[in-house]
Enquirer: 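The structure follows.
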Amino acid sequence: MSAHPTVPPRRLWWLGAGFFVWCSAIAVLYALHAIGCVFDWPTSLLRWSLVLVLGLHMAATAWLWYRFAKTRPDPRQGPTGRFMHDVMLWSAIAAAAATLVTFAPPLLLSTCL
């Protein structure tokens, strides 16, 4: 048995959870945009659909941030657990910022050319 407290491996996937949401956003938004352009959706419908999908992805990353911000690290995991908790929290914040910075500006452009 290890003398050092460790973080359970099942918690490691939370490090990238926010960026998994970002990847989902890029796939869904671009697919929705392509479908809307191919089927000649009205501009307002396409734009509001994109805004709704972006809002849902922002809500998901905000939930991740909230989940980590309201909890405290497990004291049994020692300094490693505290460090991992902080990294997970800041990773969720970075993913929320990346999602907003990446996908909000294109909503201001013309939808289909």
Side-chain angles (χ1 to χ4, degrees):
M1 178 161 246
S2 175
H4 299 290
T6 60
V7 177
R10 68 181 177 276
R11 293 205 39 176
L12 293 177
W13 84 273
W14 286 106
L15 289 172
F19 287 101
F20 292 142
V21 174
W22 181 87
C23 289
S24 169
I26 199 167
V28 173
L29 284 168
Y30 279 106
L32 182 64
H33 185 262
I35 290 168
C37 288
V38 166
F39 289 106
D40 199 26
W41 290 359
T43 302
S44 61
L45 174 64
L46 179 56
R47 190 172 309 275
W48 282 108
S49 299
L50 294 171
V51 167
L52 176 67
V53 169
L54 177 60
L56 291 173
H57 283 86
M58 286 302 301
T61 54
W63 176 81
L64 286 171
W65 171 79
Y66 176 74
R67 182 184 187 286
F68 295 124
K70 76 173 186 163
T71 60
R72 296 288 141 225
D74 187 357
R76 295 174 294 169
Q77 295 173 355
T80 304
R82 282 192 299 278
F83 174 74
M84 290 296 292
H85 182 269
D86 290 343
V87 170
M88 286 184 250
L89 176 66
W90 284 101
S91 176
I93 292 170
T99 303
L100 190 63
V101 167
T102 304
F103 301 119
L107 295 177
L108 303 174
L109 302 174
S110 61
T111 52
C112 300
L113 298 176

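Note: hydrogens, waters and symmetry copies are ignored here, and every other heavy atom, side chains too, is used. Note that the structure is predicted; figures quoted are calculated from it, not measured.
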Enquirer: Between Thr102 and Pro106, which heavy-atom pair has the shortest distance, and what is it?
Expert: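 Thr102 and Pro106 have their closest heavy atoms at O-CD, 3.4 Å.
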Enquirer: Just jot down the side chain to side chain contact (heavy atoms under 4.5 Å, CB included) partners of Arg11, sequence neighbours excluded, or say none.
Expert: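 Arg11 satisfies side chain to side chain contact (heavy atoms under 4.5 Å, CB included) with Val7, Pro8, Gln77, Met88 once adjacent residues are dropped.
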Enquirer: Kindly state each residue pair satisfying disulfide bond (SG atoms under 2.5 Å apart) with at least one member in residues 83-113, sequence neighbours excluded.
Expert: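 Residue pairs passing disulfide bond (SG atoms under 2.5 Å apart), neighbours aside: Cys37-Cys112.
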Enquirer: List, by chain and number, the other hydrophobic cluster members for Trp22, where Ile, Leu, Val, Met, Phe, Trp and Tyr join if side-chain heavy atoms come within less than 4.5 Å, directly or indirectly.
Expert: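 Hydrophobic cluster check, Trp22: joined to Phe19, Ile26, Val28, Leu29, Tyr30, Leu32, Ile35, Val38, Phe39, Trp41, Leu45, Leu46, Trp48, Leu50, Val51, Val53, Leu54, Met58, Leu100, Phe103, Leu107.
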Enquirer: Enumerate the ring pair (Phe, Tyr, Trp, His ring centres under 6.0 Å) contacts for residues 70-101, please, sequence neighbours excluded, ordered by first and then second residue.
Expert: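 Of all non-adjacent pairs touching residues 70-101, none passes ring pair (Phe, Tyr, Trp, His ring centres under 6.0 Å).
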Enquirer: For a quick test of reading the model, state the closest non-hydrogen atom pair linking His57 to Ser24 and the distance between them.
Expert: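 Smallest interatomic distance, heavy atoms only, reads NE2-OG, 3.0 Å.
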Enquirer: According to a hydrophobic-cluster definition based on side-chain heavy atoms being under 4.5 Å apart (Ile, Leu, Val, Met, Phe, Trp, Tyr only), do Leu56 and Val21 belong together?
Expert: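 No, separate clusters.
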Enquirer: Would you say the side chain of Arg47 lies within less than 4.5 Å of the side chain of Ser44, judging by non-hydrogen atoms?
Expert: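 Counting from C-beta outward, Ser44 and Arg47 never come under 4.5 Å.
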Enquirer: Which pairs count as disulfide bond (SG atoms under 2.5 Å apart) when at least one residue sits in residues 55-111, sequence neighbours excluded?
Expert: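 Qualifying pairs, neighbours excluded: none.
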Enquirer: Which residue pairs pass the side chain to side chain donor-acceptor pair (under 3.5 Å) test when at least one of the two sits in residues 60-70, sequence neighbours left out?
Expert: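 Pairs touching residues 60-70 that pass the test: none.
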